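Residue numbers start from 1 in every chain, and the chains themselves are labelled A, B, ... in the order their sequence lines are given, proteins ahead of strands. All figures in this text were calculated on a predicted structure; none of them were measured in a lab.
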Protein chains: 2
Amino acid sequence: MAEDAPRRQPTLAEVAELAGVSRSAASRALNDAPHVSRAKREAVARAVRQLGYVPNPTARALATRQTGAAALVVSGEDPSIFADPFFAQVIVGASTALEEADLHLMLCLAASDRGRKRVEELFRSKGADGVMLMALREDDPLVGMAEEAEMPVVFGGRPVGPAPRWYVDVDNVGGAREATEYLVSRGRTRVAAICGRLDTEAGRARYRGYRDALLAAGLDPLPPQEGDFTEPSGAAAMAVLLAHHPDVDGVFAANDNMAAGALRTLRAAGRAVPADIAVVGFDDLTVAQVADPPLTTVHQPITALGREMARMLVTVINGHDPTPLILPTRLVTRSSA
Amino acid sequence: MAEDAPRRQPTLAEVAELAGVSRSAASRALNDAPHVSRAKREAVARAVRQLGYVPNPTARALATRQTGAAALVVSGEDPSIFADPFFAQVIVGASTALEEADLHLMLCLAASDRGRKRVEELFRSKGADGVMLMALREDDPLVGMAEEAEMPVVFGGRPVGPAPRWYVDVDNVGGAREATEYLVSRGRTRVAAICGRLDTEAGRARYRGYRDALLAAGLDPLPPQEGDFTEPSGAAAMAVLLAHHPDVDGVFAANDNMAAGALRTLRAAGRAVPADIAVVGFDDLTVAQVADPPLTTVHQPITALGREMARMLVTVINGHDPTPLILPTRLVTRSSA
DNA sequence: GCTTCCAATGGGAGCGCTCCCAAGATCAGG
DNA sequence: CCTGATCTTGGGAGCGCTCCCATTGGAAGC
């Protein structure tokens, strides 16, 4: 008899037979559940080794009604939003925490109609044990899906509107306030804000922090100069700012990408940083260190954000009800302010 | 009767009953397979809508022996390797292509023993329909796992050693050669290389390209000054270079991160770029545009790399045998050289 | 010596879907 | 009007695992 090509994987039943025990006993032994004698436990282990048995996760999932996976869904208008290194760091944290709970990570970029439809299906079909949701915008359809879904959902950063039950966020207001206060403390009196998308809670919160700080210092906040968190948008916003308020001497940018863009515009315009204009960013990504001059920026613990989101999700999946978490930020001073 | 809490999802059997057809017919209608009358097809559609039915992917997976997911596995010694924005772009491409094939994306960072063990289990248990493998190092245990796995595996970038059956790579040698030739064409005669990890094929290939170009121009290549693709390692390598070869007038760095690091060291050492030393990078990530001076660099189509990997994987999953693909690079000249 | 209790055990019934296959319905051709 | 070919149809048997539950057999208690 020729060996028929990719021979089927051994099943638990075969393991049981080889070990001379029942399927039930084999199953219990495998999941080291109680009520299995030491002898049978060993017999099963031997059979597993001999057969090279690996449990079939799909079958297990069907029987237990648990998929063994958690999804990270990132919203956005187009997939390029995900190119921001921010998400990569979130993933590093989330992946590590999920690994500890022995869950797989599914990544969904809900950045097209097709993508959103697939996420909806994921929710409705319970295709994962839980979901982490990020980068939501105002009136984001994902919020509705999450509400309807009978599935654990943890938000990364609050969505615009009422706070969800479970979320992990960063102290955006506090960070922005600290950055602006720093600018003021360095003697800047005409400080502007290049803010992120105002249809995101992060964008709004950071502008709020900026405004609060200025008001508290008895200075006049400028109206928000909106960017979209990308480098080019920061460069453009800075150009507008320069045109309308030639006398600005300080800029708080809602993230490092935009701050880097501002730096570029400033360089082109011949303004010295920080001598003429001081610039502060937000995020503390690699770009902040590489920029010239290196950016003074608000550090946020991005990997921790991912890690805590995942941990919180696992807690919820296990039937508990954790309280939301707000991670601290801190100002890192370099040379741009 | 109180409505019992999270009422079980409707099953296909219930849909069939409501529609007055058999489970088989309902199944066929759902997957629009042939042999279903128009009338029944519509009845099923109506029942589906009325019940809010969504098929259970796990059950389907068990029956069809297809998981409906593809995994992207990123190797590395620790998870931080993934923080490189390079991977984020790969994911954007892969995710888009996978979406078209209606496959989910599982992300596995094989950056710890635990992580590698989970990948091995994934392979052995056929926990995905196929795998994309990246960032392999010499003697990487993942290569062995991939070989033994009876599962479609597409490599992103070739591993060190014999070329695998299916891979998508970038023309590393050609790109490095072009970069170096450019340096030579600008009159540089003492050109050094800050190369990436030499236990990766990309690191080796780029050094080879550098060496080939110099040899062809009748100049002497310097021995490889090895970094690990990170910014600090580039800064450190540049410092060593400056100490041992104070007269270098050109540097080819194997990626933008290291080039940015080199720039930093050069700035600290008071060397003008490109006047005293010209610098060329590789990748063309955002950092290249933000660096000061903006980096002349070898652009590689990263999103396309991800997209083509995913497409190739889908092709293999569908039973075909595509040929490996090598994507072109091109030099983008900015101000650093 | 005889209950009492509990660990150990294995059979059976699913989990929700696909798919093979036998049987019935439909229709054209002779 | 009958025969054979083609399309529909639904029952049944899995896919591989978990888990409930009834049964067994000692060990411990009186």
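- Residue pairs that meet the salt bridge (Lys or Arg N to Asp or Glu O under 4.0 Å) test with at least one member in residues 128-140 of chain A, sequence neighbours left out, are A/Glu77-A/Arg137, A/Arg137-A/Asp140, A/Glu138-A/Arg204.
- The side chain to side chain donor-acceptor pair (under 3.5 Å) search around B/Arg23 returns none, not counting sequence neighbours.
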Let me have the donor-acceptor pairs involving side chains of residues 105-122 of chain A, under 3.5 Å, with sequence neighbours excluded, atom names and distances please.
residue, atom, partner, partner atom, Å
A/Ser112, OG, A/Gly115, N, 2.9
A/Ser112, OG, B/Glu99, OE2, 2.8
A/Asp113, OD1, A/Arg116, NH2, 3.2
A/Arg114, NH2, B/Glu99, O, 3.2
A/Arg118, NE, B/Asp102, OD1, 3.3
A/Arg118, NH1, B/Leu103, O, 3.2
A/Arg118, NH2, B/Leu103, O, 2.8

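- Sorted by first and then second residue, the salt bridge (Lys or Arg N to Asp or Glu O under 4.0 Å) pairs with a member in residues 309-320 of chain B read B/Glu308-B/Arg311; sequence neighbours excluded.
- For A/Arg158, the salt bridge (Lys or Arg N to Asp or Glu O under 4.0 Å) partners at least two apart in sequence or on another chain are A/Asp169.
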Sequence neighbours left out, cut at 3.5 Å: what donor-acceptor pairs do the side chains of residues 39-49 of chain B make with other protein atoms?
residue, atom, partner, partner atom, Å
B/Arg41, NH2, B/Ala33, O, 3.1
B/Arg41, NH2, B/Val36, O, 3.4

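- Proximity of residues 33-43 of chain B to DNA chain D (heavy atom under 4.0 angstrom from any strand atom) is restricted to B/His35, B/Val36, B/Ser37, B/Lys40.
- Under 3.5 Å, the side chains of B/Arg60 and B/Asn31 contain a donor-acceptor pair of N or O atoms.
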Output one line per pair: protein atom, nucleotide atom from nucleotides 15-19 of chain D, and distance, for all N/O pairs under 3.5 Å.
residue, atom, partner, partner atom, Å
D/dC15, O3', B/Arg65, NH2, 3.2
D/dG16, OP1, B/Arg65, NH2, 3.1
D/dC17, OP1, A/Tyr53, OH, 2.3
D/dC17, OP1, A/Asn56, N, 3.3
D/dC17, OP2, A/Leu12, N, 2.4
D/dT18, OP1, A/Asn31, ND2, 3.2
D/dT18, OP1, A/Arg60, NH1, 2.9
D/dT18, OP2, A/Ser27, OG, 2.8
D/dT18, O4, A/Arg23, NH2, 2.9
D/dC19, N4, A/Ser24, OG, 3.3

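- Evaluation of the ring pair (Phe, Tyr, Trp, His ring centres under 6.0 Å) test over residues 86-139 of chain A, restricted to residues two or more places apart or in two chains, returns A/Phe82-A/Phe87.
- Note on the helix from C/dG1-D/dC30 to C/dG30-D/dC1: angle between the axes of the first and last five pairs equals 40°, rounded to 10 degrees.
- Residues in residues 313-322 of chain A take part in these salt bridge (Lys or Arg N to Asp or Glu O under 4.0 Å) pairs, two or more places apart or across chains: A/Arg165-A/Asp321.
- For residues 9-20 of chain A, the set of pairs meeting the salt bridge (Lys or Arg N to Asp or Glu O under 4.0 Å) definition, not counting sequence neighbours, comprises A/Arg8-A/Glu14.
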